[in-house]
Amino acid sequence: MRENPLVLHVLGARPNFVKAAPVVRALGELGVRQGIIHTGQHYDALMSDVFFADLGLPDPVANLGVGSGSHAKQTAALLVGLEEVVQEQEPDLVVVYGDVNSTLAAILVCAKLGVRTAHVEAGLRSFDRGMPEEVNRVVTDALADLLFVTSPEALSYLANEGVPASKVHLVGNPMIDSLFSALPSLDPAPVVERLAIPARYAVATLHRPANVDTPEAAKELVDAVLEVARQIPLVVPIHPRGKARLAAAGLVDGESIKVVDPLGYVDFLSLVRGSALVVTDSGGVQEETTMLGVPCLTVRPNTERPITITHGTNRLVTPALLPAAAEKALADGAATPAGELPVLWDGQAGPRIAKVITAWLKGDNLAPASQAKRPS
Ligand code: UD1
Ligand code: UDP
């Protein structure tokens with residue numbers, strides 16, 4: 001390894017920023033030379049800049065500005081842009097996060113260039129190859145050199161796919177690290193006042209292609225969400241992906257529903273913290289509600305995060321069952337998490353990842369944490 005090795009983080013979409021912040025901070029504290037490559041997959045200020053500010057992320061060393069497009073067009077632009085910048089920067093390790101197209105493109109580029117890689121949030125599986133993210137997860141984990149796992153069930157999934165245990169480290173959840181760091185700043189009151197909503201309210205976020213990409217799915221979902229809004233005032237910070245389709249299906253401001261632009265990280269989590277119920281199809285929000293003890297109804301047929309059901313406040317629902325499930329969750333009051341918080345969701349995932357990376361950069365082969373932590 002070189003004298004002063006360089007670590008590059010490839011980030012592109014909203015959840016990437018949240019997961020990377022604790023890792024970047026922890027590596028910085030260990031004096032590691034590093035830089036962020038922003039692919040520009042998300043580019044609106046409310047989908048990108050606000051996260052750099054709220055999470056204290058340093059400015060990227062490059063922004064590839066790839067923008068939006070079909071999977072093929074976006075991934076192709078990502079491949080071309082990333083190949084150039086990785087060749088130019090000559091990193092010793094590239095760290096990728098989560099399951100978005102920027103993650104997939106970065107792992108492919110590095111594999112072909114012979115650049116070593118680490119995947120943060122490895123081993124999550126919905127076992128639903130109809131989800132673009134599932135394809136990205138499987139390919140990324142097949143190619144990564146270091147795999148950082150947030151949840152114990154991922155260990156057996158990766159083992160079943162033939163990933164050697166020596167590459168895999170159960171480190172906890174960096175998205176929860178970010179939440180721990182933000183906790184003292186999370187105050188629902190100013191957001192509630194700005195949005196002019198009552199003190200008791202629910203929040204919904206919806207952006208999965210299966211829910212918002214066809215008029216039929218959007219209509220079924222919106223009808224169910226409007227039913228929830230008849231039970232409790234509902235705020236919907238709307239992801240740009242679903243904006244037009246959901247509006248066409250009837251998701252517009254009404255007496256008991258407020259459809260607003262995406263919120264910044266601190267504002268959004270403040271709102272979630274003060275809410276009586278969250279309805280979502282987000283991956284990250286399932287984890288954050290588990291940590292905050294807020295009831296969460298996930299409008300999906302499956303989840304790659306089952307630990308949020310077994311150890312948290314999450315339930316899967318169909319659109320048809322959503323109104324009744326909301327009624328029950330609201331009647332039950334404060335959520336009682338099903339068990340203890342998931343193992344190692346303690347705000348220390350970033351430092352654990354940084355420790356493994358720095359040892360790896362020195363050529364030490366740290367015993368994978370997964371060996372010590374694997375459940376019997
Ligand atoms: C992407 C991820 C998804 C993740 C989500 C997080 C993939 C395949 N999907 O989905 O896993 O849950 O990010 O939010 O990578 N758009 C804007 N402004 C922006 C960004 C996007 O208007 O700043 C609009 C564009 O119309 C675009 C659409 O949103 O076509 C979808 O964006 P894209 O990045 O392709 O996928 P997401 O649905 O955001
Ligand atoms: N989030 C946010 N503002 C919003 C909606 C979500 O800051 O209006 C945050 C949320 O707290 C979580 C992350 O964005 O940290 C999740 O991103 P998203 O739901 O877009 O992606 P997913 O997790 O589904 O991949």
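FYI, the numbering just counts along the sequence from 1. Note that ligands are numbered from 1 as they come in the structure, with each ligand's atoms numbered from 1 the same way. Atoms considered below: every heavy atom in the structure, side chains included; atoms not considered: hydrogens, waters and symmetry mates.
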For atom 20 (C) of ligand 1, what is the closest protein heavy atom, and at what distance to 0.1 Å? His42 CD2, 3.4 Å

Could you work out, for atom 14 (O) of ligand 2, the closest of His239, Glu288, Arg14 by heavy-atom distance? Arg14

Heavy-atom nearest neighbour in the protein, as seen from atom 23 (O) of ligand 2, with distance rounded to 0.1 Å: Gly284 N, 2.8 Å

Could you tell me, atom by atom, which parts of ligand 2 come under 4.0 Å of a heavy atom of Pro262? 8 (O)

Can you tell me if Thr103 and Asn136 form a side-chain donor-acceptor pair at under 3.5 Å? no

Protein heavy atom at shortest distance from atom 17 (C) of ligand 1: Tyr43 OH, 3.2 Å

Of the side chain and backbone of Glu287, name the one, both, or neither that has a heavy atom under 4.0 Å from an atom of ligand 2. neither

Best match, Met131, His239, His71, Glu134: closest heavy atom to atom 14 (O) of ligand 1: His239

Does Gly264 have a heavy atom less than 4.0 Å from any atom of ligand 2? yes

Testing the 3.5 Å rule here: is there a donor-acceptor pair between the side chains of Glu153 and Ser151? yes

Option nearest atom 5 (C) of ligand 1 (shortest heavy-atom distance, choices His207, Arg241, Arg14): His207

heavy-atom search around atom 6 (C) of ligand 1 in the protein gives Pro15 CD, 3.4 Å

Judged by heavy atoms only, the candidate from Arg208, Arg137, Gln74 nearest atom 35 (O) of ligand 1 is Gln74

Nearest non-hydrogen protein atom, atom 24 (O) of ligand 2: Arg208 NH2, 2.6 Å

Residues Glu287 and Asn173: side-chain donor-acceptor under 3.5 angstrom: yes

Give me the residue, atom name and distance of the protein heavy atom closest to atom 13 (C) of ligand 2. Met175 CE, 4.0 Å

Top protein contact for atom 9 (C) of ligand 2, by heavy-atom distance: Phe268 CD2, 4.1 Å

Testing Arg125, Lys167, Arg137 one by one against Glu161 for a salt bridge (Lys or Arg N to Asp or Glu O under 4.0 Å), which residue passes? Arg125

Which is it for Val272 and ligand 2 at heavy atoms under 4.0 Å: side chain, backbone, both or neither? neither

Option with minimal heavy-atom separation from atom 30 (O) of ligand 1, where the choices are Ser68, Gly283, Gly40: Ser68

Could you identify the single nearest non-hydrogen protein atom to atom 21 (O) of ligand 2 and state the distance to 0.1 Å? Pro15 CG, 3.5 Å

Return the option from Thr205, Leu263, Val285, Val236 holding the heavy atom at the smallest distance from atom 8 (O) of ligand 2. Leu263

Applying salt bridge (charged side-chain N to carboxylate O under 4.0 Å, His left out), run through Arg300 and Asp128 and close with a yes or a no. CA-CA 11 Å; Arg300 283 180 44 189; Asp128 175 359; over 6 Å; no

What's the shortest distance from atom 19 (O) of ligand 2 to any protein heavy atom, and which residue and atom give it? Ser282 OG, 2.7 Å

Can you check whether His38 and Tyr43 have ring centres sitting under 6.0 Å from each other? no

Does Glu133 come within less than 4.0 angstrom of ligand 2, counting non-hydrogen atoms of the residue? no

